Every structure is written in C-alpha cells, then in structure tokens.
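Here the structure comes first, spelled out in structure tokens, and everything after it is commentary.
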Amino acid sequence: ARRPGRPSVPLIRVPRTLPRVLEPDEVTRLLAALRTSRDTAMVELMVFGALRRCEVLGLRLGDLRPGEHRVFIAEGKGGHQRIVPITARFFATLATYLDNERPPESSTDRVFVVLKGPRRGQPLSADGLDEILDGARRRATLAHATCHELRHTCLTRLREAGMALEAIQAQAGHASIETTRIYVHLASDRLVEEYLK
C-alpha cells in the first residue's frame, strides 16, 4: 500500500537515448575539416581510442607510450586508471603536433595546450575542445559529432569487429560490464540494418 502524501513512481525504466554513431565517411570528413595536428590528435584519441573528453584534456606528456602504441589514463571517470591501446596513426599525428605546433615555452605537462592568444601554452579547456569540434563539424557539414558520439562510435565499431565485451569494457573504462552491454545490442541492430539493406 502507498503511504499518503508520497507520489507513486512508475516501475517502467525509461530507455536512455543513445548517442549517434558516425559513419566511416563522416569520420573522414570530420578529420579532414580539422585545422591542426593538435586538433586531429585529440579527435583520433576519441574516435580510435574511445577516450572521454576529460581524459583527452587530462593527458600528460608522461602518459604517452609511443613504443607500445598505448596511452595511460591517469584521471579516468570515477578515479579509475587504465592503459589504452591506440593506433600508430595517432602517434604520427601527435609527433607532428609536438614537433611543429606545441609552443616550446609551455610550462605545463598537459599534452594539449592553447596554440594562440593570451593563453598560449596553457592547458586547453573543455570549452576550447568543444569549440574546435563545433567548427570542424560546421566545415564538414555534419549534423552531429560530439566528443561523446566519437567515443561511442569507436566502441560500437570495436564490437561490430568482434571485440570481446570484457576487452571493450577495459578500453572504455566502464566500471560495470552492464554499461558495456549496450554495445552488444547496438552492434546487433546495426548488423541487422546492414543485412536488410
């Protein structure tokens, strides 16, 4: 029985709306619309490594492991740390940024810094990264491509390629396998769509 004065709460779980997944040609257009190696490296971390925006911005020079094609995530969600494999393509882009674009006078050990203006050499902010992505999205004439959608695209593609759920959980830095299970259904739905086409 319901206690007087307490509102009834429906026991129906409202489905979460999933971020959109970018098609391969949309990823190509977005990458082509980026103006610097710094910007390209940041997007590559999200779309090829499934890093969160805060993880990209929190990356420090000492977290890079180019010889192993990995990055160490020291400041993951919920304080969790992990080592993430990432494509050699990212490390090539990163090298171009570090050699040619990153201001040598920068005193921070954050990897990604502001390149111009009064904040030159200081760590890039979340607003700064969003602004970069907004500009690239406009230039690429894409309706969507947020940081979260780039990460989501990576995880969905990994599942479609047959990567084990536990490996995707490790890549994503999910505390619970239940969070990762969404990619099983998503990949299945997309495969059915492709089959029907």
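This structure is a prediction, so every number in the text was calculated from the model and none was measured. Residues take their numbers from the sequence shown, with the count starting at 1.
Between the side chain of Glu68 and the main chain of Arg65, no donor-acceptor pair closer than 3.5 Å is present. Distance alone, capped at 3.5 Å, is enough to place a donor-acceptor pair between the Arg29 side chain and the Thr141 backbone.
Across all their heavy atoms, Arg82 and Ala50 have their closest contact at NH2-O, 4.1 Å. Looking at every heavy atom in both residues, Leu133 comes nearest to Thr146 through CD2-C, 3.8 Å. The two residues Leu30 and Leu150 have their closest heavy-atom pair at CD2-CD2, 3.7 Å. Smallest separation of non-hydrogen atoms from Thr108 and Gly121: CG2-O, 3.6 Å. The shortest non-hydrogen separation linking Ile73 to Leu59 is CD1-CD1, 4.2 Å. Closest non-hydrogen pair, Val56 versus Met46, comes out as CG2-CG, 3.8 Å.
Under the 4.5 Å side-chain criterion, counting only non-hydrogen atoms from C-beta, Asp39 is in contact with Thr36. Within the 4.5 Å cutoff, no side-chain heavy atoms of Leu61 are placed close to those of Arg110. Val21 has its side chain out of reach of Glu149: every pair of non-hydrogen atoms, C-beta onward, lies at least 4.5 Å apart.
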Do any side-chain atoms of residues 84-98 form donor-acceptor pairs under 3.5 angstrom with protein atoms, and if so which ones, sequence neighbours left out?
{"residue": "Thr87", "atom": "OG1", "partner": "Arg89", "partner atom": "N", "Å": "3.2"}
{"residue": "Arg89", "atom": "NE", "partner": "Glu44", "partner atom": "OE2", "Å": "3.2"}
{"residue": "Thr93", "atom": "OG1", "partner": "Glu44", "partner atom": "OE1", "Å": "3.0"}
{"residue": "Thr93", "atom": "OG1", "partner": "Glu44", "partner atom": "OE2", "Å": "3.3"}
{"residue": "Thr93", "atom": "OG1", "partner": "Arg89", "partner atom": "O", "Å": "3.0"}
{"residue": "Thr96", "atom": "OG1", "partner": "Ala92", "partner atom": "O", "Å": "3.2"}
{"residue": "Tyr97", "atom": "OH", "partner": "Val111", "partner atom": "O", "Å": "2.6"}
{"residue": "Tyr97", "atom": "OH", "partner": "Val113", "partner atom": "N", "Å": "3.2"}

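Put simply, CZ on Arg151 and CZ on Arg53 are 12.5 Å apart, with the number rounded to the nearest 0.5 Å. One finds the CG atom of Asp127 at 11.0 Å from the CD1 atom of Ile132 (value rounded to the nearest 0.5 Å). Rounding to the nearest 0.5 angstrom, the gap separating the CZ atom in Arg102 from the CZ atom in Phe112 is 9.5 Å. The CG atom of Leu45 sits 11.0 Å away from atom SG of Cys147, with the distance rounded to the nearest 0.5 Å.
The side chain to side chain donor-acceptor pair (under 3.5 Å) check on Gln122 picks up Arg119, with sequence neighbours excluded.
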>> Between Val27 and Leu22, does the side chain to side chain contact (heavy atoms under 4.5 Å, CB included) criterion hold? Intermediate values first, please.
In response: CA-CA 6 Å; Val27 171; Leu22 276 74; 3.9 Å; yes
> side chain to side chain contact (heavy atoms under 4.5 Å, CB included) between Arg20 and His152: does it pass, once the steps are laid out?
Replying inline: CA-CA 8 Å; Arg20 297 208 26 205; His152 193 67; over 6 Å; no
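A 6.0 Å sphere centred on CD of Glu131 holds no more than 12 heavy atoms belonging to other residues, nucleotides or ligands. Dense packing is recorded around CZ of Arg120, with more than 12 heavy atoms of other residues, nucleotides or ligands lying under 6.0 Å away.
One finds no salt bridge joining Glu101 and Lys116 here, because no Lys/Arg side-chain nitrogen approaches an Asp/Glu carboxylate oxygen to under 4.0 Å. Under the 4.0 Å criterion applied to side-chain N and carboxylate O atoms, Arg137 and Asp134 are assigned as salt-bridge partners.
At a cut-off of 3.5 Å, with distance as the only test, no side-chain donor of Thr28 or Asp25 sits close to an acceptor on the other residue.
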